[in-house]
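Everything quoted here is computed from the prediction, not taken from an experiment.
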Amino acid sequence: MTIVDGLANAERRADSERLIFEYMAMSRGDRGFPIPETVDDLPVAWRDECRGLATAYHDPGTLLLAYRADDPIGCVGLRELPALGALEVKRLYVRPEARGSGTARALMDRAHDHAAGAGFTRLLLDVLPVRPHVIDFYRRLGYTETER
């Protein structure tokens, strides 16, 4: 597995957009909404994020992609929260066929390295309550619950 900058070139940006869209489509379904078929079917804010990844995940944030051979299999973004002096973990996603392979852990390890290298000691995230397996994963990484 290789982890790379998801915004480095046009091909990686296209892979990033596809993975982020898959994450967003899954999230809509998990919330009981119809699963969108295209980016155009997303709520406006999500559509804008999906089409403007370089803006959403600009430095000191990042968007990381995991590849198995030449196939994109997962992603995670970090977005700066200036008012809190922190980075927010966004859109951690691993394609179903790659789950259980350590991809999510590898992406988060690289995200932690990126945050530390950028001088951040605090990462925040938000997880849907209907995803207890994801909450457990973050707890195993050392994350704790805080007030919103």
Side-chain angles (χ1 to χ4, degrees), residues 1-82 84 86-118 120 122-143 148:
M1 175 186 349
T2 305
I3 298 177
V4 299
D5 176 351
L7 303 173
N9 58 47
E11 181 180 344
R12 292 214 177 122
R13 284 190 299 274
D15 289 342
S16 295
E17 185 176 316
R18 278 191 296 280
L19 287 166
I20 295 289
F21 171 74
E22 289 174 23
Y23 171 92
M24 291 175 172
M26 178 188 67
S27 294
R28 294 292 290 167
D30 286 351
R31 291 179 172 171
F33 295 104
I35 297 173
E37 293 183 26
T38 70
V39 172
D40 291 331
D41 298 329
L42 291 169
V44 172
W46 286 12
R47 184 181 329 137
D48 291 347
E49 177 184 338
C50 202
R51 289 189 173 139
L53 295 175
T55 300
Y57 299 101
H58 64 84
D59 193 47
T62 191
L63 182 59
L64 302 170
L65 292 186
Y67 283 85
R68 182 183 305 141
D70 291 330
D71 297 322
I73 58 170
C75 64
V76 67
L78 292 176
R79 182 165 58 188
E80 185 180 20
L81 299 173
L84 299 175
L87 292 174
E88 180 180 20
V89 177
K90 301 288 290 182
R91 317 293 184 220
L92 176 62
Y93 175 71
V94 176
R95 285 185 163 156
E97 65 273 12
R99 293 181 184 160
S101 66
T103 302
R105 177 63 188 243
L107 283 163
M108 287 303 297
D109 287 348
R110 184 66 65 86
H112 292 155
D113 290 346
H114 177 87
F120 289 87
R122 188 169 176 218
L123 295 177
L124 302 172
L125 53 90
D126 188 17
V127 180
L128 292 173
V130 298
R131 295 180 176 161
H133 60 288
V134 176
I135 294 168
D136 290 342
F137 170 74
Y138 283 119
R139 284 185 177 141
R140 287 192 305 274
L141 293 179
Y143 287 80
R148 288 187 66 82

Determine the minimum heavy-atom distance between [X] and [Y], stating which atoms define it.
X      : Y      : answer
Pro34  : Arg28  : O-CB, 3.9 Å
His114 : Pro60  : NE2-O, 2.7 Å
Ala111 : Val76  : CB-CG1, 4.3 Å
Cys50  : Leu42  : CB-CD1, 4.4 Å
Ala66  : Thr103 : CB-CG2, 3.7 Å
Pro36  : Asp41  : CB-CB, 3.5 Å

How long is the gap from [atom1] on [X] to [atom2] on [Y], to the nearest 0.5 Å?
X      : Y      : atom1 : atom2 : value
Arg79  : His58  : CZ    : NE2   : 9.0 Å
Leu107 : His112 : CG    : NE2   : 11.0 Å
Ile73  : Arg99  : CD1   : CZ    : 11.5 Å
Cys75  : Ile20  : SG    : CD1   : 4.0 Å
Tyr93  : Met26  : OH    : CE    : 6.0 Å
Asp113 : Thr62  : CG    : OG1   : 11.5 Å

Answer yes or no: does atom CD of Glu37 have more than 12 heavy-atom neighbours from other residues, nucleotides or ligands under 6.0 Å?
-> no
Audit row: Arg47, Val39, side chain to side chain contact (heavy atoms under 4.5 Å, CB included) steps and yes/no = CA-CA 6 Å; Arg47 184 181 329 137; Val39 172; 3.8 Å; yes
Pair Leu81-Arg122, side chain to side chain contact (heavy atoms under 4.5 Å, CB included): steps then yes or no = CA-CA 10 Å; Leu81 299 173; Arg122 188 169 176 218; over 6 Å; no
So, do [X] and [Y] sit near enough that their side-chain heavy atoms are less than 4.5 Å apart?
X      : Y      : result
Leu53  : Arg13  : no
Arg95  : Leu19  : yes
Arg51  : Asp40  : yes
Tyr57  : Glu49  : yes
Leu125 : Val127 : yes
Leu78  : Leu123 : yes

Below 4.0 angstrom, N of the basic side chain to O of the carboxylate: do [X] and [Y] qualify?
X      : Y      : answer
Arg110 : Asp5   : no
Arg105 : Asp109 : yes
Arg12  : Asp15  : no

Evaluate side-chain hydrogen bond (donor to acceptor under 3.5 Å, both in side chains) for Arg131 paired with Ser27, printing each intermediate quantity in order.
-> CA-CA 10 Å; Arg131 295 180 176 161; Ser27 294; 2.9 Å; yes
